[in-house]
**Student:** 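Structure incoming, see below.
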Amino acid sequence: MGKTIKISIKCFGMFRQFGNVIDIEIHAGSFADEIKSALIINIGDKHRNLVESSVLANDVGILPKEYVIQDSMNLSILPPVCGG
Amino acid sequence: MTEHILTEISTTVIDPAKAISFVSDPIQGAIDTFIGIVRNHHEGRNVTGITYDVHEGLANKTFQDICSEAQGIWPGTRYFVSHFHGVLDVGGISIVIAVSSPHRADSFEACRFVIEEIKKRAPVWKKEHYVEGASDWLPGHSLNVEAQESLVCCGRCGEKRHAG
């Protein structure tokens with residue numbers, strides 16, 4: 001089991017109801033999908049569908065599910081989009 | 001800025017004249033524009049305004065990607081995209097897209113392509129405000145598909161996806 005790292009998740013759209021940033025702790029080496037699982041625990045299971053229909057992103061782009069988180073970092077959670 | 005493509009996120013009133021000016025050129029015989037406006041109703045509810053939430057860096061990158069893709073499909077076209085970030089009352093301009101081309105067919109088709117792709121892919125969200133005082137975030141299009149085609153790599157080897 002890796003060391004514990006802190007992930008700061010910036011909130012957009014429907015996630016604004018939980019604040020501008022949600023901090024969670026995971027083990028280094030976790031997959032991006034495991035961050036989403038930790039997020040569901042943080043905000044409550046009734047928001048599971050919202051989290052599962054959303055994606056995590058860094059400043060470069062959307063993270064694939066198999067993205068491995070090695071160190072503490074800032075990410076964003078992007079719910080379904082509706083621009084224009 | 002890519003050649004002949006200008007995209008931006010704006011927190012001030014968007015001026016369509018700026019869009020037309022950017023894509024204008026003596027070799028272009030057609031300009032098509034799309035202007036998104038906040039309307040006063042949605043699904044039977046009276047709307048007073050909309051808050052636009054935007055991931056500015058990724059949204060602008062997505063606009064660039066979409067315009068570059070369109071330029072590949074319709075060579076010789078030029079693009080301007082500006083999306084508002086903040087709160088707009090009814091009648092406010094949320095987005096302006098201008099596309100120019102030598103002949104009109106390409107401008108029409110490319111402009112439609114750009115707005116439809118933005119609606120599906122750009123990290124932008126709307127919160128509608130209603131006459132009775134309530135507000136709701138609108139449902140949208142999940143980016144899960146885009147995640148499967150992400151340019152971000154596995155996280156083990158750097159910031160860009162590996163070749164192959």
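Chain A is the first sequence line, chain B the second, and so forth, proteins listed ahead of strands; every chain is numbered from 1. Values in this document were obtained by computation on a predicted structure and should not be read as measured data.
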**Student:** Rounded to the nearest 0.5 Å, what separation is found between the CG atom of A:L78 and the CG atom of B:N144?
**Tutor:** 10.5 Å
**Student:** Against chain B, label A:Q17 side chain, backbone, both or neither, depending on which of its atoms sit under 4.5 Å from a heavy atom there.
**Tutor:** neither
**Student:** Applying a strict under-4.5 Å side-chain criterion to I, L, V, M, F, W and Y, I'd like to know whether B:I95 and B:I37 cluster together.
**Tutor:** yes
**Student:** When you look at CZ of B:R104, are more than 12 heavy atoms from neighbouring residues, nucleotides or ligands closer to it than 6.0 Å?
**Tutor:** no
**Student:** Kindly give the heavy-atom pair with the smallest separation between B:I115 and A:G84, and that separation in Å.
**Tutor:** CD1-CA, 4.2 Å
**Student:** Can you measure from SG (A:C82) to NE2 (B:H141) and round to the nearest 0.5 angstrom?
**Tutor:** 12.0 Å
**Student:** Quick one: do B:F22 and B:I31 end up in the same hydrophobic cluster if we chain Ile, Leu, Val, Met, Phe, Trp and Tyr together by side-chain heavy atoms under 4.5 Å apart?
**Tutor:** yes
**Student:** Select one option (side chain, backbone, both, neither) describing which atoms of B:K127 are under 4.5 Å from chain A's heavy atoms.
**Tutor:** neither
**Student:** What part of B:L138 is in contact with chain A, defined as an atom under 4.5 angstrom from a non-hydrogen atom: side chain, backbone, both or neither?
**Tutor:** both
**Student:** Is B:V54 close to chain A through its backbone or its side chain, or both, or neither, when contacts mean heavy atoms under 4.5 Å?
**Tutor:** backbone
**Student:** B:I73 and B:I118: same hydrophobic cluster, using ILVMFWY side-chain contacts below 4.5 Å?
**Tutor:** yes
**Student:** Identify the heavy atoms of B:L58 and A:N58 that sit nearest to each other, and give their distance.
**Tutor:** CD1-O, 3.7 Å
**Student:** Could you tell me whether the side chain of B:W125 and the main chain of A:P79 form a donor-acceptor pair under 3.5 Å?
**Tutor:** yes
**Student:** Just do the side-chain contact (heavy atoms from CB on, under 4.5 Å) check on B:V124 and A:V81 with the steps written out, would you?
**Tutor:** CA-CA 6 Å; B:V124 177; A:V81 300; 5.7 Å; no
**Student:** Is the side chain of B:H55 donor-acceptor paired with the backbone N or O of A:F12 at a distance under 3.5 Å, no angle test?
**Tutor:** no
**Student:** Sort A:S54 into side chain, backbone, both or neither according to what part of it lies under 4.5 angstrom from a heavy atom of chain B.
**Tutor:** backbone
**Student:** Transitively linked via ILVMFWY side-chain contacts under 4.5 Å: B:Y52 with B:V87?
**Tutor:** no
**Student:** Would you confirm whether B:S142, through its side chain, and A:S53, through its main-chain N or O, come within 3.5 Å as a donor-acceptor pair?
**Tutor:** yes
**Student:** Distance from B:W137 atom CH2 to A:R16 atom CZ, nearest 0.5 Å?
**Tutor:** 6.5 Å
**Student:** Could you state whether A:V21 and A:I24 fall into the same hydrophobic cluster, counting links through intermediate Ile, Leu, Val, Met, Phe, Trp or Tyr residues with side-chain heavy atoms under 4.5 angstrom apart?
**Tutor:** no
**Student:** Decide if atom CG of A:D59 counts as having more than 12 heavy atoms of other residues, nucleotides or ligands within a radius under 6.0 Å.
**Tutor:** no
